[in-house]
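Everything below concerns the one structure shown next.
In what follows, every chain begins at residue 1, and chains take the letters A, B, ... in the order their sequences are listed.
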Protein chains: 2
Amino acid sequence: MVDKLDLKVVEQLMERARTTWAELGLILGLSAPAAAERVHKLEERGIIRGYCAIVDPEAIGYGLAAYIAVYLEKPEHRQGFLEFVQNTREVQECHHIAGDEDYMLKVRCKGTRDLERIVSEKIKSIPGVAKTRTTVILSTEKETPILPIERVEEIK
Amino acid sequence: MVDKLDLKVVEQLMERARTTWAELGLILGLSAPAAAERVHKLEERGIIRGYCAIVDPEAIGYGLAAYIAVYLEKPEHRQGFLEFVQNTREVQECHHIAGDEDYMLKVRCKGTRDLERIVSEKIKSIPGVAKTRTTVILSTEKETPILPIERVEEIK
DNA sequence: ACTGAAAACTGCAGGCC
DNA sequence: GGCCTGCAGTTTTCAGT
């Protein structure tokens, strides 16, 4: 599995992916090639899936976010619903959840008009979608792709 | 504001941040220095906030995710609650929401034990938290930091 | 995992449109 | 203002140890 040094690598890259190997190595107590090798190994093993830029949603015109809980009538309708999820860029997340509803979507769109279009026209027209419950996000206090790794201070 | 070329820059960097300027320039139809300049301008303007690695949560031992809806009794308790949110690595997201509840948290933790500890010991001990509602995520169909930019195919 | 050299990339300057 | 080319300095990669 991943060792302590790997966790520290991951921690660093989750905060700033565009760092130099030399700089990363300095933090890890390794030389630049050694730091690069550890990262490449983590990429190959699929532990680091990729890298992304964190973008201000409002700046690109997607200022409205919402959660949409979806109730599916029967299991045979899952396929079509999941295809919609994968093919719709506005759907940022889709989780199968425990509880009253079946799926929880997080969508990001241009405004209330756009949200209405997605909920009423797109989601509700999918066969098997019996009911939806939309919760609009008013403001965001925290939103980080950073996973909750405990700080790795010292490496023995 | 951002033009079409900026959107294409952002789109590319949301998918793979660790790209070379030359490669990015090729996609954009620009030279490497020009591509770099556009990115730096977007960073300065705060449209690109930073970069991060996308990490497999299970590989680093955080296999359980859950939504926690929080009801706050009075507005004066907000401060303390928001401090908890900012200082807790397990809290990945916190949104102020419209609807019955006040806040929606997304947390990621090691297991049910860990979740119990966060909900029962940490969140419910915050002054003003009247009630919480936890929804466990069973599986994740889609989870992307990629914002829903429409594909920019052609630049006039 | 480190060192050292070749190859590749970045950043800066000057000039063009 | 935004873009391109060329060069100097840095970073990455690939050996060998």
Practice prompt. Would you indicate, yes or no, if D/dG2 has its OP1 or OP2 atom less than 4.0 angstrom from a side-chain nitrogen or oxygen of B/K41?
Written response: yes

Item to complete: Mind calculating the distance between CG (A/L24) and C1' (C/dA1) to the nearest angstrom?
Response: 15 Å

Fill in: Interatomic distance, B/L28 CG vs D/dC3 C1' [rounded to whole Å]
13 Å

Worksheet item: B/E37 CD to D/dG1 C1': how many Å, rounded?
Response: 9 Å

Discussion item. Just the rounded figure in Å: distance from P of C/dA1 to CG of A/D6.
Written reply: 9 Å

Item to complete: Kindly point out which of C/dT3, D/dG6, D/dC3 is positioned nearest to the side chain of A/S31?
Response: C/dT3

Discussion item. So, OP1 or OP2 of D/dT13: does either fall under 4.0 Å of a side-chain N or O from A/W21?
Written reply: yes

Item to complete: Have a look at A/A22 and say if it touches a base, only the backbone sugar-phosphate, or nothing, with a 4.0 Å heavy-atom cut-off.
Response: sugar-phosphate

Fill in: Partner of A/Y103 under side chain to side chain donor-acceptor pair (under 3.5 Å), chosen from A/H95, A/R78, A/H96
A/R78

Worksheet item: Are B/H40 and C/dT10 close enough that a side-chain N or O sits under 4.0 Å from OP1 or OP2?
Response: no

Worksheet item: If you find the nucleotide of DNA chain C closest to A/R18 and the one closest to A/A34, which residue's nucleotide is nearer the 5' end?
Response: A/A34

Item to complete: Would you kindly give the CD-to-P distance between A/E23 and D/dT11, to the nearest whole Å?
Response: 9 Å

Item to complete: Mind calculating the distance between CG (B/L5) and P (D/dG1) to the nearest angstrom?
Response: 18 Å

Discussion item. Does any part of the side chain of B/E23, heavy atoms only, come nearer than 4.5 Å to the side chain of B/L26, both counted from C-beta?
Written reply: no

Practice prompt. Take B/H40 and B/E43, measure what side chain to side chain donor-acceptor pair (under 3.5 Å) needs, and give me the verdict at the end.
Written response: CA-CA 5 Å; B/H40 292 319; B/E43 289 168 354; 3.3 Å; yes

Worksheet entry | Atom pair distance, as rounded to whole Å: CG in A/D3 and C1' in C/dA1 | 14 Å

Worksheet item: For B/L30 and D/dG1, what is the distance between atoms CG and P respectively, to the nearest whole Å?
Response: 18 Å

Item to complete: Assign A/T20 to base, sugar-phosphate, or nothing according to its heavy-atom contacts below 4.0 angstrom with the strands shown.
Response: sugar-phosphate

Worksheet entry | B/D102 bridged to B/K131 by N-O distance under 4.0 Å | no

Worksheet, complete the sentence: dist A/R133:CZ -> B/D100:CG (nearest 0.5 Å) comes out at 8.0 Å

